[in-house]
Amino acid sequence: MMLPEEGDDAGHAAPHDRETVEGLARRYLSWLLLTEGTRAERLRAEAEVGVSEEVRSRVEHDADPLPLLDALVAQAVARGDERLVTRLGAGPVEEAIVGRPDLAGRIAARCRAEPAWSEVVRGAWVDEHRARDLPAPLSALVTVLKG
């Protein structure tokens, strides 16, 4: 398998990789909804927490988690459920912005090019010290935490 070159996007992922991230994104978003559901749904979500851990691990450790984040953003916005958009912004996307400074420029470029990304990024909260280092338009989209 070839490693992605700097600046490669999800469009360059191998077909099986794209299917994998699309499926993981669907499972993660379904899991998010379960966490806010009935008691039975919340218990099921607790039993299926591995999907959340897998997404977090990929965002934190994959050389390029943007194909997964692209799939999550596209699917969350397409579902039209504001809860998903907000929780995605405050979850994996926030983790990418805060914990992966190497991705900030590419996420900012997505926000400039794709309204869906800007919509999701609005759910992220960033410490003011980190926010100062964010490229435009990220610094204007995120909620900046003072102090």
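All figures in this text were calculated on a predicted structure; none of them were measured in a lab.
Of all non-hydrogen atoms in Ala113 and Pro115, the two that sit nearest each other are O-CD, 3.9 Å. Between Leu134 and Ala104, the closest heavy-atom pair is CD2-CB, 4.4 Å. Nearest heavy-atom pair across Pro65 and Leu103 is CG-CD1, 3.6 Å. Pairing each heavy atom of Ala124 with each of Ile97, the nearest pair is CB-CD1, 4.1 Å. Contact record, Pro135 with Ala108: CG-CB, 3.8 Å, taken as the closest heavy-atom pair. Minimum interatomic distance between Ala71 and Val21 (heavy atoms only, all atoms of both residues): CB-O, 4.0 Å.
For Thr86, the side-chain hydrogen bond (donor to acceptor under 3.5 Å, both in side chains) partners at least two apart in sequence or on another chain are Glu82. Glu94 meets the side-chain hydrogen bond (donor to acceptor under 3.5 Å, both in side chains) test with no other residue; sequence neighbours excluded. Residues satisfying the side chain to side chain contact (heavy atoms under 4.5 Å, CB included) test with Asp133, not counting sequence neighbours, are Arg130. Residues passing the salt bridge (charged side-chain N to carboxylate O under 4.0 Å, His left out) test with Glu36 are Arg83, Arg87, sequence neighbours excluded. Legend: residues meeting salt bridge (charged side-chain N to carboxylate O under 4.0 Å, His left out) with Arg122, ordered by chain and number and at least two apart, are absent. Residues forming a salt bridge (charged side-chain N to carboxylate O under 4.0 Å, His left out) with Arg42 (at least two apart in sequence, or on another chain): none.
Around the CZ atom of Arg132, the shell of radius 6.0 Å holds more than 12 heavy atoms that belong to other residues, nucleotides or ligands.
Side-chain contact check for Arg100 versus Glu95: every heavy-atom pair is 4.5 Å or farther apart. Side chains of Leu66 and Arg110 form a contact here, defined as non-hydrogen atoms less than 4.5 Å apart. Side-chain contact between Leu68 and Asp62 is absent, with no heavy atoms from C-beta onward closer than 4.5 Å. Residues Asp127 and Val98 have side chains not in contact (no heavy-atom distance under 4.5 Å, counting atoms from C-beta outward).
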Side-chain donor-acceptor pairs under 3.5 Å in residues 43-53, sequence neighbours left out?
| residue | atom | partner | partner atom | Å |
| --- | --- | --- | --- | --- |
| Arg44 | NE | Glu48 | OE2 | 3.1 |

May I have the list of side-chain donor-acceptor pairs in residues 138-147 shorter than 3.5 Å, sequence neighbours left out?
none

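Annotation: the span from Leu88 atom CG to Leu69 atom CG amounts to 7.5 Å, rounded to 0.5 Å. Between the CZ atom in Arg112 and the OG atom in Ser118 there is a gap of 9.5 Å [rounded to 0.5 Å]. Distance check: Thr38 OG1 to Glu41 CD gives 3.5 Å after rounding to the nearest 0.5 Å.
Residue pairs meeting the ring-ring contact (aromatic ring centres under 6.0 Å, His included) criterion with at least one partner in residues 113-147, sequence neighbours excluded, do not occur; the list is empty. Residue pairs that meet the ring-ring contact (aromatic ring centres under 6.0 Å, His included) test with at least one member in residues 55-76, sequence neighbours left out, do not exist here. Residue pairs satisfying the ring-ring contact (aromatic ring centres under 6.0 Å, His included) criterion with at least one member in residues 20-50, sequence neighbours excluded, are listed as follows: Tyr28-Trp31.
Ion pairing between Asp81 and Arg79 fails under the 4.0 Å rule for side-chain N and carboxylate O.
Clustering ILVMFWY residues whenever any of their side-chain heavy atoms sit less than 4.5 angstrom apart, transitively, puts Val121 in the very cluster that holds Val85.
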Does the side-chain contact (heavy atoms from CB on, under 4.5 Å) test come out yes or no for Arg106 and Asp64, once each step is laid out?
CA-CA 11 Å; Arg106 292 173 64 202; Asp64 184 11; 3.3 Å; yes
